[in-house]
Amino acid sequence: MEEADTEKQIDLTEGSDRHRDVISRHRPDRIDTIEEEGQSITFVTENNVELIIRLVTPEIFQLTYYLEGDVRSDFSYAIDPGFKAPDFDYSLEENDEHYIIETSSLKATVTKEKLLVDFFDKDGNILCEDEDGFYRRESLMKGISELKVTKKAPRGVRYFGLGDKAVDVDLRGRAYENWNTDSYAYERGEDPLYRSIPFYLALIEDRAYGIFMDNTYRTRFSFDRQKDRVSSFNARGGVMNYYFIYGPGLNEVTERYTKLTGTPEMPPMWALGYHQCRWSYYPEERVRELADTFREKKIPCDAIYLDIDYMDEYRVFTWNERLFPDAGKMISDLRKQGFRTIVMIDPGVKVDKDYFVYRQGVENNYFCKRPDGETVIAPVWPSKCVFPDFTDPEVRNWWADLYKPLINDLEMGGIWNDMNEPAVFEVKRKTFPNDIRHDYDGHPCSHKKAHNIYGMQMAKASLEGIRKHAPDRRPFLLTRANFSGGQRYAALWTGDNIATWDHLRLANEQCQRLSISGYSFVGSDVGGFVKKPDGELLARWMQLSVFHPLFRNHSMGYNVDGAAAVKKDQVELQKRNTENDQEPWVYGKKFTKINREVINLRYRLLNYLYTSFYSYLNEGTPILKPLAYEDQGDQKAAMQNDAFLFGDDILVSPVLSKGKTEVSTYLPDGKWYHYWDNMVFEGRNSYDISAPLERIPFFVREGTVLPLREVMQYTDEKDPETLELNVYYSNKSKTSLLYEDAEEGLEYKNGEYLLTRFDYDGGTGDRKVILKASREGSYQPTYISVEITFIGLPFEVDTAEVDGDEADVEMVESGKVKVCKLKAPAGFEEIVVS
Ligand code: MIG
């Protein structure tokens, strides 16, 4: 249905017969010419719509539609500059109705009439069909109002991805917008939120594909919203430019998208430890007391955050010296206790002619301008602020250097970028007007185009600063706003959530969704940012977040008046108010113990998580996955919202409701061991699993070799003396990986890592299992022996051999199951137990 053209009504008030505006609509008609160049095929229709299909890989086709007058540019912030498109063979044929393009994996047909594009797998199974295909609408007065592609959404097709949308796992039945928005206290279903990832996946029967629209304007994705079996994606400007990414696995689609848009570098191990945050810890004595409490109570923690109040009246890159008289001393003392300090840096720069950041920015013309050249001034924390144009490389360099005192002199552990949507107080729009100008790396444009990448470019500038001023350390950066590809620069958290049970559920859904959208280094504010959780909610949130790559407790703390209620005297010392505390120890002994055990569990699992990062960085494999990723042909698995995979071999069934001490969980195909009592469960079934308050149920896949690390109070407290390896019996074979390196520093890039490949085989004889280890890389772990536990062996052990020598074994009861323990040198090659 076409919308009514109100603009075309005659303006009677003017007494003129002119239209208010001139509308034009474009739909391609018949293909007139076709041209092949390199791996690109260009179709031009008689009415001058041009479609370029670039074959990026045998599985990825890029489709770009141009009209007369469009600027041709392949500049993209999203695509990883390191991505290399390979050369490969393809064929181009034609019949009466179509052109047919085929690679070794994917086939696309283009209709000669109307330029409709359909995709098929190499066996000819349909993947995705255009419904109306390409459409563009623009007007003389407003420019492009809609650039759209409409596709069929057959019954049964499920849709996943799109970043941080606060809805259940399947996106079908709704439409979603991408426009980075400060969403304080957002609710389920609220949209848009803080970031834009215009990438989704679709599952048609058991075949998956993905679509990434590389367009930074406000975009909209609709999936059978009016039960019309149609899906569409559209943008408010720019060029229609999308990538079709074939699987056939969901996992492969995510991996391909992630490789196309890039991955970060290996995080320092400490960044995977537990983080404690609050708005805000001050003054210095309070921060020290916090640090001491963690150590006294023996609750592991690796990072402490300073929120905005550490600054001098919210001037970024300054300190309130009354609250923090000797920041350097404090940070180095915290470091000696094993804590990294992380500080917030906002984009808004206080308008103050005596302030060096403001002055430098003005002198060099670094702040965002209106079309006629005035600097835009908008209210944020310091009240009047100006905003660096992070889309200008020179501005990014300047910003990067502002970090020198924090990163180099103070050896700050990391940086936290907030409010970079960019958020603006007081106005309903919550951000800049659309006509603010940006450099866009030499492609000058308005905020309409740059809005969604503003936060990403701030993160890029910050990361450059951290890298440059601590070249030997691994950077840690946390950001709130971002765009596709921004996973290369920073970890992120899901923003200002609320301490409710539904938000715990949302945290689970949002983190899974971000992860399959290429963004795995994610977490939520544990316990909820707004309001205070009760002990049970905090404990359950802690438990879920053991399995989130970023594990950070954060809350509004004393700032109960609402985020925008800036008080002039905010920097004045407030009376200590413990009412809103949500540190792990504030709910009495029972909960303190539970929370301690939960954090300990995280530290036990660090090597496994670290290895999952390795796979994420190298293969693009998401660290969190819905169960559809495990067995996409299994309709029941595809319907699960709660249970998810953490890394490749752990399935987590979190408790997400108040008062529950049991979860009902579906397990996909194969055998799964309940971590806590080693009971084995047969997949493709649902089970009720007991989940007392102190325990989150999770399962390990049969045949897995699960590394377990010694619990420490912080990740580099000491060199581990040993590593435990749990081997979960299976009568089949399976490979598990273990990635290790120095956990900090960049030597791993020169081969100083150790990648161990464990080949487990339980299928070689009735009463026998074999575990082989092969290794790559030059890193030497500090421990010299490993403790191996074989779990679930269906036979009594007679002998165990380690590299041909008989070894002592110990049979012990563990939960309801007998397990067999033995020691081996760290560099063992083969163990046979029979
Ligand atoms: O307007 O810096 O999401 O984590 O504590 C609120 C204060 C500004 C919003 C962030 C939140 C942070 C808070 N910030």
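The basis for the numbers below is simple: all heavy atoms, side chains too, and nothing from hydrogens, waters or symmetry mates. Atoms within a ligand are numbered from 1 in the order they appear, just like the ligands themselves.
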*In plain terms, say whether R505 and D642 are close enough for a salt bridge, that is, a side-chain N and a carboxylate O under 4.0 Å apart.*
yes
_Quick test of your reading of the model: are K658 and E536 salt-bridged, counting only N-O distances below 4.0 Å?_
yes
_Go through it in stages, so that I can follow the logic: the residues are D401 and K404, the test is salt bridge (charged side-chain N to carboxylate O under 4.0 Å, His left out), and I'd like the CA-CA distance, side-chain angles, deciding distance and then a yes or no._
CA-CA 5 Å; D401 279 335; K404 180 173 181 293; over 6 Å; no
Per-atom contacts, ligand 1 versus [X] - under 4.0 Å to a heavy atom:
{"X": "M344", "value": "2 (O)"}
{"X": "D307", "value": "2 (O), 5 (O), 7 (C), 12 (C)"}
{"X": "M419", "value": "1 (O), 8 (C)"}
{"X": "H554", "value": "4 (O), 5 (O), 11 (C), 12 (C)"}

_Side-chain donor or acceptor of N420 paired with backbone N/O of P422 under 3.5 Å_ = no
*Are any of the side-chain heavy atoms of F425 and W381 separated by less than 4.5 Å?*
yes
*Work out whether the distance between some heavy atom of W493 and some atom of ligand 1 is less than 4.0 Å.*
yes
_With a 4.0 Å cut-off on heavy atoms, is W416 in contact with ligand 1?_
yes
_Heavy-atom count check: over 12 atoms from other residues, nucleotides or ligands less than 6.0 Å from E374 CD?_
yes
*Distance-only side-chain donor-acceptor flag, Q457 / R396, under 3.5 Å*: yes
*Using a 4.0 Å heavy-atom cut-off, say whether W381 meets ligand 1 through its side chain, its backbone, both or neither.*
side chain
*For ligand 1, the portion of R480 having any non-hydrogen atom under 4.0 Å away*: side chain
*Which option out of D418, V380, D496 puts a heavy atom nearest to atom 8 (C) of ligand 1?*
D418
